[in-house]
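Letters A, B, ... are given to chains in the order of the sequence lines, protein chains preceding strands, and every chain is numbered from 1.
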Amino acid sequence: MTIDALILSSVVAVAAGLIGCFAVMRRMALAADALSHVALPGIGVALALHVHPVFGAAAMLFFGGILVWALEDRSRLATETIIGVIFSAALAIGSVITSGDDLIEALFGGASGRPSALEAGFGLVASIAVTVFVLRRKRALVVALVSPDIARTIGIDVRRLNLLYIQMFALTVALGLRYLGVLLMGSLIIIPAATAKRVSRNLNEMLMMAALIAIAVTVTGSVLAGYLHRPTGPLIVAVAALGFFLTFLRRDPATL
Amino acid sequence: MHTARTVQDGIVLEVRCLSLRFGRVQIFKDLSFQVARGASLAVVGPNGAGKTVLFRALIGAIPVEGSLQWAPNVRIGYVPQKLDLARDVPITGADFLRAKSIARSASDAAIADALNSVGLSADTVTQSIGSLSGGQFQRLLVAFALLGSPDVLLLDEPTAGIDEPGQEQLNELVYRLQRERELTVLLISHDLSVVYRYATNVLCLSRDRVCFGPPRTILTQQLLDEIYGTPMAFHVHDH
C-alpha cells in the first residue's frame with residue numbers, strides 16, 4: 001500500500017472510530033452491519049451503469065439510512081427486526097444484480113493500489129465531515145443517549161439528530177468500502193469503538209482511544225497484507241478483533 | 001397543540017381540553033388546569049393513569065389534542081422516571097452535566113453548585129454513570145435539571161430509589177429553591193403526605209375521573225378510595 005493510500009485510510013479510520021463510539025453506546029452495533037450491506041445493491045447498479053461503485057454505494061446508503069431512521073421513528077418495531085429484514089433483502093438483491101469477481105470485491109474489498117484523485121477527494125472531505133460532526137455534536141449525542149426526553153427539554157431536535165447521525169454513519173460505511181468491502185466495513189466502525197469502550201473512563205478518552213485504535217489496526221493490517229500478500233480488508237478486521245480480545249486480559253475497568 | 005395566544009400574566013402553564021389516546025385506549029380526556037408562577041402542582045393517581053404520559057406531552061415528546069401552552073421563554077428542568085441505561089458506558093456524571101452547556105451555561109462553578117444542592121460529591125461524578133447506584137443517578141438527574149436556573153421543574157417521581165434521608169433532603173431542596181427562586185414545580189408522586197404538605201394544587205388522574213384543586217379540599221378519603229379503587233390510608237403531617 002502506498003503512503004498516500006495509507007494516509008487516506010487513516011483519515012477514514014478516525015471517522016470510523018469516532019462515529020462507532022456512539023453506535024456502540026446506543027447499542028446499534030448490528031444496525032451498523034445491516035446498513036453496510038445496504039451498499040451492495042448500489043454497487044451492483046453502479047457497475048451495471050459503468051459509474052464509480054462508491055457513488056452507487058453512497059446513494060443506496062443514503063436511502064438505507066433514511067429507511068432505517070423512518071422505520072425506527074414511525075413504527076414500534078424492534079430495531080433488530082427492522083435490521084433482520086433490511087439486511088437479508090439488501091444482500092439478496094445485491095447478489096442478484098452483481099456478479100462474479102465484482103461481487104467478491106464488493107463484499108470483501110480489494111483495492112490496495114493508489115487511490116484515484118476522485119476517491120482521495122471524496123474520502124478526505126467525507127471523513128472530515130464525519131469527524132467534525134461527532135466532535136461538535138458529542139454533547140447533544142450524550143444527552144440524547146441518556147434520555148431523549150431530557151434532550152428535548154434543552155432544545156435538542158432529537159429526530160433530526162438521529163437522522164443526521166445515521167446519515168453520517170452511512171457516509172462512513174461508504175468511505176471504507178474500497179478497502180474493507182460491504183461485509184467488513186461495519187467492523188472497522190464497531191470493533192475499535194468497542195475496544196475503546198472497554199478501556200476508557202470518560203467520553204473524551206473513549207473518542208480518542210477509538211480513533212487511535214482504528215488508525216493502529218488499519219496501518220498494521222495494511223502492512224501485514226503487504227508482507228503476506230493477502231487482501232487488506234480481512235487483515236485489518238482480524239487485527240482489530242485481536243485487539244478487542246486482548247482487552248479481556250486486563251481486569252474490567254468497572255471492577256478496578 | 002401549542003397555540004400562539006399568550007398565557008395570562010403570572011401563569012406558567014395553561015392546559016385546556018387536553019386529550020390523548022393510544023390506539024383504542026383513551027389515556028385522558030378533556031384535561032384542563034393551569035399552574036401559576038411559583039406554585040407547585042402534584043399529579044397523583046394509580047399506575048397506568050397517564051401521569052408520566054402527561055409529563056411527556058407537556059415537554060412536547062408526545063402529540064396530543066387540545067391546547068397546551070407554556071409562558072414564553074420558559075426554561076424547563078425535567079427529571080424523568082427511572083431510565084434504562086447500559087452499565088458499561090464510559091460516560092461520567094461530569095460528561096453528562098457538562099453536556100448541558102449546549103443549551104445553558106454550565107460552568108464548573110454552576111456544576112459544583114448543583115452537585116452541592118443534591119448532595120453528590122465531586123468524586124462521584126468522575127465515575128461512569130452506569131456505575132452509580134439508583135439513588136446517586138437520580139440525584140445526578142436532578143442536578144442536571146437544576147443547571148442553568150430553570151423556571152419550571154418537572155419531576156417524575158424524583159425520590160424513587162433514593163434512601164429515606166435523601167428523599168427528605170430532596171423534597172426540602174425542591175421547596176427551598178421554589179421559595180428562593182420563585183420556581184414552579186410539577187411533581188408526580190405516590191407519597192400523599194408529601195403532596196399534602198407541599199403542593200399548592202393537586203391533579204388527580206384516574207381512568208374514570210379527573211379532579212383538580214388544593215390538597216385540603218380534594219384529597220379526601222372518599223375521593224382517594226374512588227380514584228385508587230381501594231381504601232387508602234395516609235397520614236397528614238401538620239406542621
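Residues Arg139(A) and Arg98(B) approach most closely at NH1-O, 3.6 Å, considering heavy atoms. Shown here for Pro90(B) and Ser200(A), the closest heavy-atom pair between the two residues is CB-O, 3.5 Å.
Once rounded to the nearest 0.5 Å, the distance linking CZ of Phe55(B) with OG1 of Thr153(A) reads 12.5 Å. For the atom pair CD1 of Ile91(B) and CZ of Arg201(A), the computed distance is 15.5 Å after rounding to the nearest 0.5 Å.
Annotation: maximal heavy-atom pairing with chain B below 4.5 Å, among Leu203(A), Val143(A), Asp149(A), Val146(A), occurs at Asp149(A). Options Val89(B), Ile129(B), Leu154(B), Asp95(B) differ in how many heavy-atom pairs under 4.5 Å they form with chain A, and the most are formed by Asp95(B).
With a 4.5 angstrom heavy-atom cutoff, Leu141(A) does not touch chain B via any of its atoms.
Applying the 6.0 Å contact sphere to CZ of Arg136(A) captures no more than 12 heavy atoms from other residues, nucleotides or ligands.
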